[in-house]
Number of protein chains: 2
Amino acid sequence: MIGQRYTKTRKNIFKALSNSKKPITAQEIFNSLKNNDEKINLASIYRNLDLMEKSDLISVILFGEGKKRFELKEENSHHHHFFCENCGDIEDIKMNEDKILANIKKTKFLIKEHKLEFFGLCPDCQ
Amino acid sequence: MIGQRYTKTRKNIFKALSNSKKPITAQEIFNSLKNNDEKINLASIYRNLDLMEKSDLISVILFGEGKKRFELKEENSHHHHFFCENCGDIEDIKMNEDKILANIKKTKFLIKEHKLEFFGLCPDCQ
DNA sequence: AGTATTATTGCAAATAATTCGCAATAAATC
DNA sequence: GATTTATTGCGAATTATTTGCAATAATACT
Ligand SMILES: [Mn+2]
Ligand SMILES: [Mn+2]
Ligand SMILES: [Zn+2]
Ligand SMILES: [Zn+2]
């Protein structure tokens, strides 16, 4: 668990992330709870998302939209995404990593570009 | 060439991108020219970067820093990047795509995570 | 159960990146 | 050199995200 206290806010953010089939933004989490009677402040959502990322409970997904998207990390759920440049549709791409580049071309998506970025520690920082 | 006029501003943005060995931000382009006597307005830099991206002359690189990075696309220069989570160091990762995931582990970098995102058109949008 | 401790929240204001409107400027054309 | 209009500079607006601080509530402790 993140932090030290299991608050209503955290339960609700988890719920919002669980309910979504695609990575969602902080604002979308906010909107989904706005209806749900339990209203959470947007700043608190950001603070919790930060903590959840640091605790490795969620992944941050970037599509260059000018905002971050978040999704829960679950067991054996490692995957990538397809982002439609036209409508913003997001689809999970889950397959053998070694074959991923070969296989992606067989899908129903028209692939125009892909970005693979690595994160970690450089020699100086290890 | 982008747009229709070959302006001093465009020459200078190209020059700044060429001179950099790593993807740079709009602000970094601005700073590099601020010294260089020829001062360009930041908004013009953004406008030109947009055009250059649409003309496929540059790539936009995202590391989740909250800002975009740009680099020139050159012939046979397709590659990915390594981003140090600690110091922000950026290194090019250029290798056979099929073997990329196997090979990345042999480098001097400590890989903690990687993101591979696809861009293109979904079935509805093709 | 009541009290104390302090992590967490709400709220409003601050930042930072990026975008936009519009009049002034300058590259290309005539 | 005059004309046309793409491009620029400037300032203001927008949007995502962050931050300070006092109020609140989750847990620990009588
Ligand atoms: Mn996903
Ligand atoms: Mn590069
Ligand atoms: Zn689409
Ligand atoms: Zn480093």
Side-chain angles (χ1 to χ4, degrees), chain A residues 1-17 22-55 57-71 83 85 88 90, chain B residues 1-17 22-55 57-71 83 85 88 90:
Chain A
M1 194 46 206
I2 73 177
Q4 319 170 33
R5 295 180 184 180
Y6 192 51
T7 66
K8 191 171 1 177
T9 296
R10 282 176 187 162
K11 271 179 240 175
N12 280 319
I13 294 176
F14 267 105
K15 198 185 304 176
L17 287 166
K22 322 204 169 207
I24 53 181
T25 64
Q27 183 66 55
E28 286 169 342
I29 294 174
F30 177 80
N31 291 339
S32 79
L33 298 175
K34 186 161 50 180
N35 318 322
N36 228 26
D37 88 8
E38 320 223 350
K39 200 165 178 175
I40 304 178
N41 188 275
L42 191 52
S44 298
I45 293 177
Y46 275 111
R47 277 184 292 233
N48 277 291
L49 288 171
D50 277 351
L51 287 174
M52 291 170 80
E53 191 198 355
K54 279 174 191 140
S55 307
L57 292 170
I58 59 176
S59 328
V60 182
I61 316 284
L62 304 166
F63 292 118
E65 306 162 285
K67 55 196 164 194
K68 297 177 178 177
R69 292 184 172 274
F70 306 88
E71 75 177 357
F83 177 77
E85 291 175 335
I90 299 167
Chain B
M1 196 43 207
I2 73 178
Q4 317 168 34
R5 295 182 185 177
Y6 192 51
T7 67
K8 191 172 358 178
T9 295
R10 281 176 187 162
K11 271 179 240 175
N12 280 319
I13 294 176
F14 266 105
K15 198 184 302 174
L17 288 166
K22 322 202 168 206
I24 52 182
T25 64
Q27 184 66 55
E28 286 170 342
I29 293 173
F30 178 80
N31 291 339
S32 78
L33 298 173
K34 186 162 50 181
N35 317 322
N36 227 25
D37 87 8
E38 321 223 350
K39 201 165 178 175
I40 304 178
N41 187 276
L42 192 53
S44 298
I45 294 176
Y46 275 110
R47 277 184 293 232
N48 276 291
L49 288 171
D50 277 351
L51 286 175
M52 291 170 79
E53 192 199 353
K54 280 175 191 139
S55 307
L57 292 170
I58 59 177
S59 329
V60 181
I61 316 285
L62 304 167
F63 292 117
E65 306 161 286
K67 55 197 164 193
K68 297 177 178 178
R69 291 184 173 274
F70 306 87
E71 77 178 353
F83 177 77
E85 289 174 337
I90 300 167

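Proteins come first, then strands; the chains are lettered A, B, ... in the order of their sequence lines, and each starts at number 1. In this text, all values refer to a predicted model and were calculated from it rather than measured experimentally.
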Between [X] and [Y], is any pair of side-chain heavy atoms under 4.5 Å apart?
X       : Y       : result
B:Asp50 : B:Tyr46 : no
B:Gln27 : B:Lys67 : no
B:Glu28 : B:Arg69 : yes

Distance (rounded to the nearest 0.5 Å) between A:Leu62 CG and B:Phe63 CZ: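 The CG atom of A:Leu62 sits 10.5 Å away from the CZ atom of B:Phe63.
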A:Ile40 CD1 to A:Lys11 NZ distance, which is reported to the nearest 0.5 Å: 11.5 Å
[X] and [Y]: which non-hydrogen atoms are nearest, and at how many Å?
X       : Y       : value
B:Ile13 : B:Ile45 : CD1-CA, 3.8 Å
B:Leu17 : B:Phe70 : CD2-O, 3.7 Å
B:Ala16 : B:Ile24 : O-CD1, 3.8 Å
A:Arg10 : A:Gln4  : NH1-N, 3.9 Å
A:Pro23 : A:Ile61 : CB-CG1, 3.9 Å
A:Leu49 : A:Ala26 : CD1-CB, 4.0 Å

Base versus backbone protein contacts along nucleotides 5-10 of chain D [heavy-atom cut-off under 4.0 Å; B, S, -]: BBSBBB
Proximity to DNA chain D (any heavy atom under 4.0 Å), residues of residues 60-71 of chain A only: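 Hits under 4.0 Å, by residue number: A:Gly66, A:Lys67, A:Lys68.
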I need the [atom1]-[atom2] distance between [X] and [N], as an integer number of Å.
X       : N      : atom1 : atom2 : result
A:Tyr6  : C:dT6  : OH    : C1'   : 21 Å
A:Leu33 : C:dG10 : CG    : C1'   : 15 Å
A:Asp50 : C:dT9  : CG    : P     : 12 Å
A:Phe30 : D:dT15 : CZ    : P     : 15 Å
B:Glu28 : C:dA17 : CD    : P     : 10 Å

Angle of first-five versus last-five pair axes in the helix from C:dA1-D:dT30 to C:dC30-D:dG1, to 10 degrees: 40°
Under 4.0 angstrom between B:Tyr46 side-chain N/O and C:dT18 OP1 or OP2: yes
